J.: 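Below is one structure. I have some questions about it.
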There are 2 protein chains.
Amino acid sequence: MPQSLARIKKDFTEGLSQISRFWGFPKGMGAIFAALYLSPTPLSLDEIVAETGLTKGAISTEIRALARMGLVHRSTKLGDRKDYYEAEADFYAAIKSILRERQNSEFDRAVGSVKVALATMDENWVDNEEWKFTYKRVQALQEFFDAIDSLAKAVIKLEGLGLSNVSKVLGVLK
Amino acid sequence: MPQSLARIKKDFTEGLSQISRFWGFPKGMGAIFAALYLSPTPLSLDEIVAETGLTKGAISTEIRALARMGLVHRSTKLGDRKDYYEAEADFYAAIKSILRERQNSEFDRAVGSVKVALATMDENWVDNEEWKFTYKRVQALQEFFDAIDSLAKAVIKLEGLGLSNVSKVLGVLK
DNA sequence: TACTACGTTTAGTATTCACTAAACGTACAT
DNA sequence: ATGTACGTTTAGTGAATACTAAACGTAGTA
């Protein structure tokens, strides 16, 4: 017996919700994205309400986050007061967008604090073993963060290059 | 006036805690790692209690997660019943370990569900536009996950190659 | 002006989750 | 066996957070 499309969509949505939660996002966010991603046409807020069962309020706030990450796009129709949303289907573009967004985040402020710790030590140098050990460790972590940063920047700069190609390149490195 | 080491350590720990929280881990986990990372010698459970202010119970469970990810290592001393823990200082090795760990996670189960949805559609093919559209979308997402997967595998396989080198390689790609 | 159709904000609620305190299990020592 | 020094597990708590319901603001329409 053939499975209904509705069933497929439900399973798919379930999966995306779990993935969303796994990455620390609300699971409703995954559901919203799934609804948009599986829709051939852009959806209005109320249509998303119908699809996901969430309320307008929740969707309103969460879809703004999705838009900020570049995972969904907002559009309007002339003579129609509603907003319409559609999913970004190019995941590679989405990743780049997310990395860009992350650049000015809470994460970067925290990374900055490591840099500050290092600078503070530079200015107040004490010449004993414990001090030196601590300095080397903090420095190593800071270099690691720098590497992550330049890696993210490199990925952002890559043009029209799919993820699979990247992994192919890495595979050759040996 | 020279800043005390204790002060530096506190700031550093604060920063790592925030970073930990940012990535969806408990902030206590960041504090535990910071304590170990800044210690020249392996620490016992009770010493970590003293450093972080957390209780044994919390540390016991969270340090197991850290160990599973390869971020800390457990060791013992002969004639000493205590366990000792030290931080993995090679972050590149840690990343590889984390990627390996992720292989059998909740995330992969969710990804698997997408694969299942696709297989279900294969077996129950219906020839209309909506069906085809849905199929293509689900398929695209599945390919994306595959790409991520092979990327992770490629990174795991890389031997003795720092992150900075990887980003250098990507930078050349254009 | 009032009315309608929107999206957003807010106040309150339910649930998740990190963490504590304490009981527990275990291995070794006496 | 009794005690002691560990690590682990569990029951409970407080805080963070996702979400609901409803008030609100606003722009178009009569």
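All of these numbers come straight from a predicted model, not from anything done at the bench. Any value given below was found using the heavy atoms of this structure, including those in side chains, with hydrogens, waters and symmetry copies removed. A note on names: the letters A, B, ... follow the listed sequences, proteins ahead of strands, and every chain is numbered from 1.
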J.: Looking at Glu130(B) and Lys9(A), does any basic side-chain N land under 4.0 Å from a carboxylate oxygen?
T.: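 Salt bridge present between Glu130(B) and Lys9(A).
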J.: Go along nucleotides 6-26 of chain C 5' to 3' and tag each nucleotide: B for a protein heavy atom under 4.0 Å from its base, S when only backbone or sugar atoms are that close, - otherwise.
T.: SBSB--------SSBS-----
J.: Is Asp146(B) paired with Lys115(B) through a side-chain N to carboxylate O contact shorter than 4.0 Å?
T.: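 Result for this pair is yes, salt bridge flagged.
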J.: Would you please classify the geometry between the Trp23(B) ring and the Phe107(A) ring as parallel, tilted or perpendicular, with 30° and 60° separating the classes?
T.: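 The rings of Phe107(A) and Trp23(B) stand perpendicular, inter-plane angle above 60°.
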J.: Parallel, tilted or perpendicular: which fits the ring planes of Tyr135(A) and Trp125(A), with parallel below 30° and perpendicular above 60°?
T.: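 The arrangement is perpendicular - the two ring planes meet at more than 60°.
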J.: Please find the pair of heavy atoms, one from Lys82(A) and one from Ser44(A), that lie closest to each other, and give the distance.
T.: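 Here Lys82(A) and Ser44(A) meet closest at CD-CB, 3.7 Å.
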